[in-house]
Amino acid sequence: MKKSLNDGLKSVKIVPGSLHSPDESDVGEKSVRIVSQSFIRELNQAAPQKLYNLTRPQIKDLPQLKIYLNAKVKGYVSNISNPASFHIQLAENENIIIQLADALNEKRAYRVNERKSVKLMVGDLVGAEYSTDNAIYRAVIKKILPGNSFEVEFIDYGNTAVVNTSKMYQLKREFLTIPQLGIHSFLSGVKWNVPDEIWDSKTVDYFASRVSNKTVSCEFLKKHGQKWEVNIICDEKCVINELLKWTACSKL
């Protein structure tokens, strides 16, 4: 797990804690807050009328991210489980991800605790606190656990965590106008629906070393269930070809 979820963006360095506890004397932080307020106003203007009546927003209520088949786009690979399960953040959405995280953590006034009569269910969208940096990010509930805890996935990054209900918040309607920005993907050429356990750590580490902290070229080929089949080019080399060559050599 990264030190901060925003660290998944290669070219933008976010200091953990700066998003939610800015120094009032810091001019740079004040400018960030101004950007955030403008960003929230834009989101409010974009919010469709139906969002006003959402008492239980769910992942299915978000608009769909536009993905063009067979088009090559720049992006970053994050939250790598193995070559058959990772997330992609598009480079064109980089500023939106940064501004969204800033707006979610702007002030405590934007946080509304999820302590209400509506019982949380799998698929519900919430704001959830990431324990490493104590910042709030958009999340979907994946599992209901004992002790008022839930397994959530941070939808714009792909990371999962166990979060207590006391660290979960109702998302205001303006944060429901943006699609899920973390794209669950698998590498074209590998089986996408096999158990994670089949992947040995050396193969996973090699794949991660090829794509982590780099700008990659992504070609989205087809959606299988909730995962996108994607061809990745990094450092002018096809990653699946490099992975297959490495696998063959490692068995010699």
Would you say [X] and [Y] make side-chain contact, with heavy atoms under 4.5 Å?
X    : Y    : answer
W199 : S81  : no
F154 : V152 : yes
H87  : E153 : yes
H224 : F186 : yes
D200 : Y206 : no
I141 : M168 : yes
I67  : K223 : no
K222 : L69  : no

Original post:
Between L221 and V230, is there a shared hydrophobic cluster once you connect ILVMFWY residues whose side-chain heavy atoms come closer than 4.5 Å?
Top reply: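 L221 does not cluster with V230.
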
Would you compute the distance between atom [atom1] of [X] and atom [atom2] of [Y] and round it to the nearest 0.5 angstrom?
X    : Y    : atom1 : atom2 : answer
E129 : L104 : CD    : CG    : 12.5 Å
T247 : K202 : OG1   : NZ    : 12.0 Å
D61  : L125 : CG    : CG    : 7.0 Å
N231 : I240 : CG    : CD1   : 8.5 Å
R210 : C238 : CZ    : SG    : 10.0 Å

Where the side chain of [X] meets the backbone of [Y], is there a donor-acceptor pair that is under 3.5 Å apart?
X    : Y    : answer
S85  : N82  : no
N93  : L90  : no
K227 : A84  : yes
N105 : I136 : yes
Q89  : D156 : yes
R138 : L100 : no
K237 : E242 : no

Original post:
Between F207 and F86, how do the two ring planes meet: parallel, tilted or perpendicular, split at 30° and 60°?
Top reply: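 Judged by the thresholds at 30° and 60°, the geometry between F207 and F86 is tilted.
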
**OP:** Anything under 30° is parallel, anything over 60° is perpendicular, the rest tilted; go ahead and classify Y157 against Y137.
**Re:**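 The arrangement is perpendicular - the two ring planes meet at more than 60°.
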
Nearest heavy atoms of [X] and [Y], plus distance in Å:
X    : Y    : result
L171 : G127 : CG-N, 3.6 Å
Q180 : I59  : OE1-CD1, 3.5 Å
I178 : L62  : O-CD2, 3.7 Å
K214 : Y76  : O-CD2, 3.7 Å
V239 : C234 : CG2-CB, 4.0 Å
N79  : G158 : ND2-O, 2.6 Å

Original post:
More than 12 heavy atoms of other residues, nucleotides or ligands under 6.0 Å from NZ of K72: is that the case?
Top reply: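 No - once you tally the heavy atoms of other residues, nucleotides and ligands closer than 6.0 Å, there are 12 at most.
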
